[in-house]
Visitor: 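Could you have a look at this structure, given as structure tokens, before my questions?
Per chain, numbering begins at 1; letters A, B, ... match sequence-line order.
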There are 2 protein chains.
Amino acid sequence: MDTTQLLKGVLDLAVLAVLDDEDGYGYDVVRRLRAAGLDDVADASVYGTLRRLFAAGHLTSYVVPSVEGPHRKYYGLNASGRAELDAAAKTWSGFADTMAALLAARKEVAA
Amino acid sequence: MDTTQLLKGVLDLAVLAVLDDEDGYGYDVVRRLRAAGLDDVADASVYGTLRRLFAAGHLTSYVVPSVEGPHRKYYGLNASGRAELDAAAKTWSGFADTMAALLAARKEVAA
DNA sequence: CCCACTAGTGCGCAGTGCGCAGTACCGTCC
DNA sequence: GGACGGTACTGCGCACTGCGCACTAGTGGG
């Protein structure tokens, strides 16, 4: 099974969740997601997601110069973002529950 | 949040799970998935998934004529399919757990 | 000087679910 | 007996989104 396909639609949620914890910039969000267990997220995906969420009006953005490299573009949740996070989390939970029920109903091959 | 995106990569798993329960044909699998809570799966997606899984060697197939409509193309899991189901279920569980942890870590806005 | 790490952007591709149209078989209703 | 609706499957092209890869650019080290 391809884990990158599982990310479809969920990466938004993951990024929102990470940013709700604390503002962050792309490179850092990638690290946090990896640390959280999403080992194989590609950086391009995260940057793209951030831009998409920003364009959708869910994020605020501000640039902070760095002493150890190029500037960092920080992103943070605004009200719309928090609402979106809430809604997405709810949708996800419902979906996950449905899948869990579907899997529980199958013959117990690997008990 | 778009539920159709959540299905990406998971539809295989859902179809495998449904077929593990009992052999079925496309039209029927759609109904079973809908009944299981996956309300908005499109039939074309299920047919496509079945063909893909069959092409991948995970399914057996046999045609059964029907007295109340066109023939039905039944699909069933073979050993490879069951192995795939097992692996996919495991992958999914791990992924779902990771997401759950990520969501649990966020500030409790909607306790 | 070249390389590695940090940080971001852009382009085009790939997988997969969906919409929609079409085919075909059956029973019913007018 | 022809139109219609439910059953059942196929095919085509589109949309979304994650990924690979190349590129820019700043910093510090061998």
Visitor: If I take atom CG in residue Leu13(A) and atom P in nucleotide dT17(D), what distance separates them, rounded to the nearest angstrom?
Guide: 14 Å

Visitor: With a 4.0 Å heavy-atom cut-off, tell me which residues in residues 49-58 of chain A come close to DNA chain C, sorted by residue number.
Guide: Arg51(A)

Visitor: Between Tyr47(B) and dT10(D), does any side-chain N or O lie under 4.0 Å from OP1 or OP2?
Guide: no

Visitor: For Ser45(B), what residues pass the side chain to side chain contact (heavy atoms under 4.5 Å, CB included) criterion, not counting sequence neighbours?
Guide: Leu11(B), Ala42(B)

Visitor: What is the distance, rounded to the nearest whole Å, between atom NZ of Lys8(B) and atom P of dA15(D)?
Guide: 13 Å

Visitor: What residues, two or more places apart in sequence or in another chain, satisfy side chain to side chain contact (heavy atoms under 4.5 Å, CB included) together with Asp97(A)?
Guide: none

Visitor: Run the side chain to side chain contact (heavy atoms under 4.5 Å, CB included) test against Asn78(B) and tell me which residues pass, sequence neighbours left out.
Guide: Thr60(B), Ser80(B)

Visitor: Under 4.0 Å, heavy atom to any atom of DNA chain C: which of residues 23-36 of chain A qualify?
Guide: Tyr25(A), Gly26(A), Tyr27(A), Arg31(A)

Visitor: Enumerate donor-acceptor pairs with a distance under 3.5 Å from any side-chain N or O in residues 26-34 of chain A to protein atoms, sequence neighbours excluded.
Guide:
{"from": "Asp28(A)", "atom 1": "OD2", "to": "Arg32(A)", "atom 2": "NE", "distance (Å)": "3.2"}
{"from": "Asp28(A)", "atom 1": "OD2", "to": "Arg32(A)", "atom 2": "NH2", "distance (Å)": "3.4"}
{"from": "Arg31(A)", "atom 1": "NH2", "to": "Tyr25(A)", "atom 2": "OH", "distance (Å)": "3.4"}
{"from": "Arg32(A)", "atom 1": "NH1", "to": "Val18(A)", "atom 2": "O", "distance (Å)": "3.0"}
{"from": "Arg32(A)", "atom 1": "NH1", "to": "Glu22(A)", "atom 2": "O", "distance (Å)": "3.4"}
{"from": "Arg32(A)", "atom 1": "NH2", "to": "Glu22(A)", "atom 2": "O", "distance (Å)": "3.1"}
{"from": "Arg32(A)", "atom 1": "NH2", "to": "Asp23(A)", "atom 2": "O", "distance (Å)": "3.0"}
{"from": "Arg34(A)", "atom 1": "NE", "to": "Asp39(A)", "atom 2": "O", "distance (Å)": "3.1"}
{"from": "Arg34(A)", "atom 1": "NE", "to": "Val41(A)", "atom 2": "O", "distance (Å)": "3.3"}
{"from": "Arg34(A)", "atom 1": "NH2", "to": "Val41(A)", "atom 2": "O", "distance (Å)": "2.6"}

Visitor: So do the side chains of Leu7(A) and Asp40(A) get within less than 4.5 Å of each other, counting heavy atoms only?
Guide: no

Visitor: Distances under 3.5 Å only, N/O to N/O: pair up the protein atoms with those of nucleotides 19-23 of chain D.
Guide:
{"from": "dC19(D)", "atom 1": "OP1", "to": "Asp40(A)", "atom 2": "O", "distance (Å)": "3.2"}
{"from": "dC19(D)", "atom 1": "OP2", "to": "Ala42(A)", "atom 2": "N", "distance (Å)": "3.2"}
{"from": "dC19(D)", "atom 1": "OP2", "to": "Ser45(A)", "atom 2": "OG", "distance (Å)": "2.1"}
{"from": "dC19(D)", "atom 1": "O5'", "to": "Ser45(A)", "atom 2": "OG", "distance (Å)": "3.4"}

Visitor: What's Lys73(A) touching, base or sugar-phosphate or nothing? Going by heavy atoms closer than 4.0 Å.
Guide: sugar-phosphate

Visitor: Do Leu38(B) and Leu102(A) have side chains that approach each other closer than 4.5 Å (heavy atoms only, starting at C-beta)?
Guide: yes

Visitor: Which sits closer to the 5' end of DNA chain C, Gln5(A) or Gly69(A), going by the nucleotide each is nearest to?
Guide: Gly69(A)

Visitor: Would Val46(A) end up clustered with Tyr74(A) when hydrophobic side chains under 4.5 Å apart are linked, directly or stepwise?
Guide: no

Visitor: Mind jotting down which residue pairs meet the salt bridge (Lys or Arg N to Asp or Glu O under 4.0 Å) criterion with at least one end in residues 45-55 of chain A? Sequence neighbours excluded, please.
Guide: Asp12(A)-Arg52(A)

Visitor: For Ser66(A), what residues pass the side chain to side chain contact (heavy atoms under 4.5 Å, CB included) criterion, not counting sequence neighbours?
Guide: Glu68(A), Arg72(A)

Visitor: Could I get the full list of side chain to side chain donor-acceptor pair (under 3.5 Å) partners for Ser61(B), not counting sequence neighbours?
Guide: none

Visitor: Mind checking which nucleotides bracket the chain A contacts on DNA chain C, 5' to 3', with an atom under 4.0 Å from a heavy atom?
Guide: dT6(C) to dT16(C)

Visitor: From CG of Asp12(A) over to C1' of dT17(D), roughly how many Å is that when rounded to an integer?
Guide: 9 Å

Visitor: Considering only heavy atoms from C-beta outward, does the side chain of Thr91(A) approach that of Leu13(A) to under 4.5 Å?
Guide: no

Visitor: If you round to the nearest 0.5 Å, how far is CG of Leu77(A) from CG of Asp20(A)?
Guide: 5.0 Å

Visitor: Report the hydrophobic cluster partners of Val67(B), with the cluster defined as I, L, V, M, F, W, Y residues connected by side-chain heavy atoms closer than 4.5 angstrom, directly or transitively.
Guide: none

